[in-house]
Peer 1: 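This is the structure I have questions about; it appears just below.
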Amino acid sequence: MGTYNFQEIEKKWQKKWKEDRVFVAEKLSDKPKYYVMDMFPYPSGKGLHVGHPLGFIATDIMARYKRVKGYNVLYPMGFDSFGLPAEQYAIKTGIHPAITTEKNIKHYWAQLENVGFSYDPDSMFSTADPEYYKWTQWIFIKMYQHWYNKTEECAQPIEELVKVFEKKGNAGVLAATTQEEAFTPEEWKAMRPPEQEEILMRYRIAYLDYATVNWCPALGTVLANEEVKDGKSERGGHPVERKKMRQWMLRITAYSDRLLKGLEILDWPDSLEAMQKNWIGRSEGASIHYEIVGHEERLEVFTTRPDTIFGNMFMVIAPEHPLVEKLTTKEQKAEVETYVDWAKNRSEVERMADTTKTGVFTGAYTLNPFTEEKLPIWISDYVVITYGTGAIMCVPGHDDRDYEFANKFDIPIREVIAGGDLSKEAYTSKEGKMVNSGFLNGLSPMEAIKAMNDELENRGIGKRKITYRQRDVVWSRQRYWGEPTPIIHKDGVTEPVAWEDLPLDLPEVDQYKPSATGEPPLSRAQDWVNLPDGGKRDMNTMPNWAGSSWYFLRYPDAHNDKAFADPKRMDYWLPVDLYIGGTEHAVGHLMYSRFWTKFLKDLGYLSVEEPFQKLVNQGMIQGTSQMMYRHKKTNKFVSADLIPEGEINEYSQLHADVNLVRAQVLDVEGFKKWTKDESAQFVLNEDKEFRTVPRVEKMSKSYYNTVDPDDMCAQYGADTFRIYEMFLGPIELSKPWNTDGINGVISFMRRMYNLFINDAEQFQVTDEPATKEELKALHTMIKQVGEGIDRMAFNTCVPAFMVFVKELGRMKCYKREVLEPFLICLSPFAPHVCEELWEMLGHGDSITLSSFPDWEEQYLVEDTVEYPVQINGKVRFKLSVPADMGREDIGKEVLAHETAQKWLEGKEPKKLIVVPGRIVNVVI
RNA sequence: GCGGAUGUGGCGAAAUUGGUAGACGCGCUAGAUUUAGGAUCUAGUGCCGCAAGGCGUGGGGGUUCGAGUCCCUCCAUCCGCACCA
């Protein structure tokens, strides 16, 4: 048998690819392009495990496939290098995060090279490279220097806005802004610079503002909403508080509508699209201004159910609402203050865990504009200040929360839509007829919404409004290892760092943690912070999201020093045709990337509105941990099959290193060596084995269930490893890692190799012409593989190869005519061995330069006989049936023809393929 | 509660537009061959049944000549969001 020496082959070709620069894309070309990439990894100290390459292998297959399909392919890889782990390691050890990061990147890159990915080496960069983050800072400054014009749906320079203010004031400006008060040109000109600055901040796309933010005391920094899960920090699971702080923010809400609409044209998974839609949370409703009894101010509320306004019995405002103090009457003051204090100090976790209604009456009333009733204004934390106006009109009859609140505080309930039973629960459906509702009576709720909106607008007390759940994103982090915010504070105003001073490098500091007084780590570099002219540098860094928000724009021109990228290259390469990555970035990275792309498009740097045309979420590869049991009293390890079910609690469970376990049996000696505990005692079963119990959980070093791709490549070869990962199932699916089935792939690889090299180590490929049967096997394979790759069902390609190889082996076919096209088909999956065999076949060029074969139908169809058939005396066409079928078989099918005719209305059928008993297919 | 998905042998899974369900691999069974390896080859392997035959894609119903696939409904599991007005 020929020896398939994968180690030698793989090393040889990896070296050759590198030296010959085979995978460097033509950065500008007339050829059709294909841009495919992965979500780049964060280079942690732990290295890659077998879960990471799943998506990478898929993109590599696509890249290699598109190359042999004649495309100019850009397939890059980079590193998302700013981030928490390197910084926390630095705090612990004092080693500069840049050093750790560089070391980790080297390790990652070596691991990736081992698997044989066809990355374009010229495109590689790290987000922590100053030559890269120079442009991250540049984009940030651009955002700072622009505002969002809602009339033109476009970001525009802030100087132009200033000119408008000087000429006309802000009254006619429709902008994404929190500036509500109007001012005249004279008022504007009379303002001092810090006052003007404050107003401009309300317009800038990157702006400073006091906002209630997620403060994580354990991490010493603020976090974005996307980084908070269930009231805890996504990284580390530390508790998060709400705190009012002045922070850099990005006005992503200016783009909410475009971010929502853009989803329609994208080829993304439904679940991801739904998540983004949900996150943006568009809802249509009305804003209504209520008169407050005895006050000048009005109370603005947002509601999606203006139809129910006749059932509005009370109002609730959030504890943080600005009117709280003003509205509270003397009698209620003490009670209100106690409540507001309590609500503020309640942690997010507590609030989420306990949703029973609490609240307090302010003593103030609004007037229901339609019933003229006095409605009490309450305060409750079930109304959140960050959504809508932080105040609601409450209709206890037709809203679950209002219903619960009204019952608790004995507020009357009125039915305004017939159909429910209000003694039991609120009736929230929009089915039924309006009652007790004045001019709305008799209408359906949908009709009533429209009528009420018209009436509100006529009377000038409200108008239709669209509200988004999405909030502006906090873009400051009180951390060291990130891009410094390129802003200087001086005399109460801010100004950007000059272009020629970019990149604004991170300063050296003595320690990486926040200062003793709670200032960000950058405050430790006082020389850097304080400028000679009295200005002070901003001490915040940008969040981890910053670098990844535009890296896909950099790959085509990764080392450009004059611009973030050459516009011609942007036009040629964008959008990314295929982007693969995990679902964990659904609302973070993917939302920001879309936002930054739209912003840069507005400024004229890009011509695309959306960065990622097709997106695929690869599943997570879970680890299969191996659990072993130790008796709590005797401290002996006991083989799992010896433990009676009822006694399991007497044992403690430990993770054994999965690399020491084969088929649920532990290598006891290896275990002793690993734990460095020679005295450990083991109770073995009657087969003298120590059995473990598998448990599927996250792949993590701490569970000792990680498998290093380097080990897989060393043991089985990169090609086998790649095919096996694809063979596990669809890439979208999560599945536990196990190597149980890898022998099937190994034997396939051996058989495949043996088609070329026989048992006597001789090359046995001949130039004989192939038979029809052999060509049928070939073209079946080509069709299945080509279609499989096109719909990214790589798992279905592998069986096609296996069947093909088995059949050729059975037919003893060692013919060039069949084997050459086969190698090209297989090469995206197993590139090394295919290159090697391609070379043996006498080719001087890389297999990458060949072209993917087309399948031909003539080899695939069965021999057929055609019979003329008449249907209902009208449609005549020919019926093709397999040659071994007789007329009598067709006769059985005549019953079906009436339906067949219906299918075929308006179409010109060529043939019906029939098998005994049924019509199989209609070929048009 | 809202939104999204998924449910097929002992296991991972195929079946692209409705057309012989379970391809391919693992595992298992038997045999062959060598002989201690985590080897190779051959045959078998959805379930029930000696068989003929029957039953089978989470449950129930429907459309169709024909349903894993389409429609309705219920159930289970997973993921995301969540007092969003």
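Note on naming: letters A, B, ... go to the chains in the order of the sequence lines (proteins, then strands), and numbering restarts at 1 for each one.
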Peer 1: Sequence neighbours excluded, which residues qualify as ring pair (Phe, Tyr, Trp, His ring centres under 6.0 Å) partners of A/Tyr339?
Peer 2: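 Counting only residues at least two positions away or on another chain, A/Tyr339 forms a ring pair (Phe, Tyr, Trp, His ring centres under 6.0 Å) with A/Trp342.
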
Peer 1: Where the side chain of A/Arg750 is defined as all heavy atoms beyond and including C-beta, which of B/rG3, B/rU40, B/rA85 is the nearest nucleotide?
Peer 2: B/rU40

Peer 1: Could I get the full list of salt bridge (charged side-chain N to carboxylate O under 4.0 Å, His left out) partners for A/Arg691, not counting sequence neighbours?
Peer 2: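 For A/Arg691 the salt bridge (charged side-chain N to carboxylate O under 4.0 Å, His left out) partners, ignoring immediate neighbours, are A/Glu689.
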
Peer 1: Measuring from A/Trp378:CH2 to A/Met315:CE, what's the distance to the nearest 0.5 Å?
Peer 2: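 Rounded to the nearest 0.5 Å, the CH2-CE separation comes out at 14.5 Å.
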
Peer 1: Name all residues meeting the ring pair (Phe, Tyr, Trp, His ring centres under 6.0 Å) criterion together with A/His585; count only those two or more places apart in sequence or in a different chain, and write none if there are none.
Peer 2: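 Per chain and number, A/His585 pairs via ring pair (Phe, Tyr, Trp, His ring centres under 6.0 Å) with A/His589.
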
Peer 1: Please report the distance separating the P of B/rG4 from the corresponding atom of B/rG59, rounded so that it comes out in whole Å.
Peer 2: 24 Å

Peer 1: With sequence neighbours left out, which residue pairs that include part of residues 277-287 of chain A fulfil the salt bridge (charged side-chain N to carboxylate O under 4.0 Å, His left out) condition?
Peer 2: A/Asp257-A/Arg282, A/Glu273-A/Lys277, A/Arg282-A/Glu284

Peer 1: Residues two or more places apart in sequence or in another chain: which of them pass salt bridge (charged side-chain N to carboxylate O under 4.0 Å, His left out) with A/Arg414?
Peer 2: A/Glu373

Peer 1: Taking A/Met393 as the fixed residue, which of A/Leu299, A/Thr366, A/Thr308, A/Val316 is the one that meets the side-chain contact (heavy atoms from CB on, under 4.5 Å) rule?
Peer 2: A/Thr308

Peer 1: Say we look at B/rG80 and B/rU73: how far apart would their C1' atoms be, to the nearest angstrom?
Peer 2: 25 Å

Peer 1: If you measure from the C1' atom in B/rG37 to the same atom in B/rG44, how many Å do you get, rounded?
Peer 2: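 To the nearest whole Å, 25 Å.
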
Peer 1: Restricting to pairs with a member in residues 382-391 of chain A, which pass salt bridge (charged side-chain N to carboxylate O under 4.0 Å, His left out), not counting sequence neighbours?
Peer 2: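 Every pair satisfying salt bridge (charged side-chain N to carboxylate O under 4.0 Å, His left out) with a residue in residues 382-391 of chain A: there are none.
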
Peer 1: Provide the full list of salt bridge (charged side-chain N to carboxylate O under 4.0 Å, His left out) pairs with a residue in residues 386-400 of chain A, sequence neighbours left out, each pair given once.
Peer 2: A/Asp399-A/Arg401

Peer 1: Can you tell me, in whole Å, how much space there is between the P of B/rG58 and that of B/rA67?
Peer 2: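 Per the computed distance, 15 Å lies between those P atoms.
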
Peer 1: Using a 4.0 Å heavy-atom cut-off across all strands, classify A/Leu272 as base, sugar-phosphate, or nothing.
Peer 2: nothing

Peer 1: Spell out protein contact along nucleotides 76-83 of chain B as letters: B when the base is contacted, S when just the sugar-phosphate is, - when no protein heavy atom is under 4.0 Å; keep the 5' to 3' order.
Peer 2: ----BSSB

Peer 1: Judged by each residue's nearest nucleotide on RNA chain B, which is more toward the 5′ side, A/Ala391 or A/Leu733?
Peer 2: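 Looking at RNA chain B, the more 5' nearest nucleotide goes with A/Leu733.
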
Peer 1: Tell me what A/Pro269 touches on the nucleic acid: a base, only sugar-phosphate, or nothing, going by heavy atoms under 4.0 Å.
Peer 2: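 Answer is nothing: A/Pro269 stays at 4.0 Å or more from every strand.
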
Peer 1: On the 0 to 90° scale, with breaks at 30° and 60°, tag the A/Phe370-A/Phe310 ring pair as parallel, tilted or perpendicular.
Peer 2: tilted

Peer 1: Give A/Ser283 one of three labels, base, sugar-phosphate or nothing, depending on what nucleic acid heavy atoms sit under 4.0 Å from its own.
Peer 2: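 Result for A/Ser283 = sugar-phosphate.
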
Peer 1: Any chance you could measure A/Thr358, atom OG1, to A/Asp381, atom CG, to the nearest 0.5 Å?
Peer 2: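 Rounded to the nearest 0.5 Å, the OG1-CG separation comes out at 4.0 Å.
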
Peer 1: Restricting to side-chain hydrogen bond (donor to acceptor under 3.5 Å, both in side chains), what partner residues turn up for A/Asp472, sequence neighbours left out?
Peer 2: A/Tyr207, A/Thr253

Peer 1: For a quick check, with a 4.0 angstrom heavy-atom cut-off, what is the B/S/- contact string for nucleotides 24-33 of chain B, read 5' to 3'?
Peer 2: BSS-------

Peer 1: Without hydrogens or angle criteria, can the side chains of A/Thr389 and A/Glu300 be said to hold a donor-acceptor pair below 3.5 Å?
Peer 2: no

Peer 1: Any luck finding a side-chain donor-acceptor pair between A/Tyr290 and A/Asn368 under 3.5 Å?
Peer 2: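 No pair is found: no donor N or O on one side chain lies under 3.5 Å from an acceptor on the other.
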
Peer 1: In whole Å, what separates the C1' atom of B/rU77 from that of B/rA32?
Peer 2: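 One C1' to the other, the span is 46 Å.
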
Peer 1: For RNA chain B, which residues in residues 785-796 of chain A have a heavy atom at a distance below 4.0 Å?
Peer 2: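 Under 4.0 Å from RNA chain B: A/Glu787, A/Arg791, A/Asn795, A/Thr796.
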
Peer 1: For nucleotides B/rG62 and B/rC50, find the distance between their C1' atoms and express it as a whole number of Å.
Peer 2: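 So the two C1' atoms sit 40 Å from each other.
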
Peer 1: Please report the distance separating the C1' of B/rG9 from the corresponding atom of B/rG27, rounded so that it comes out in whole Å.
Peer 2: 12 Å

Peer 1: Both distances under 3.5 Å, Watson-Crick or G-U wobble: on that basis, could you give the dot-bracket string for RNA chain B, with [ ] for crossing pairs and | for other-strand partners?
Peer 2: (((((((..(((......[....)))((((((.......))))))(((....)))..(((((..]....))))))))))))....

Peer 1: Using O4'-C1'-N9-C4 for purines and O4'-C1'-N1-C2 for pyrimidines, with syn meaning within 90° of 0, is B/rG9 syn or anti?
Peer 2: syn

Peer 1: Considering only atom P, compute the distance from B/rA76 to B/rA23 and round it to an integer number of Å.
Peer 2: 32 Å

Peer 1: Report which part of the nucleic acid A/Phe314 touches: base, sugar-phosphate, or nothing (heavy-atom distance under 4.0 Å, all strands).
Peer 2: nothing

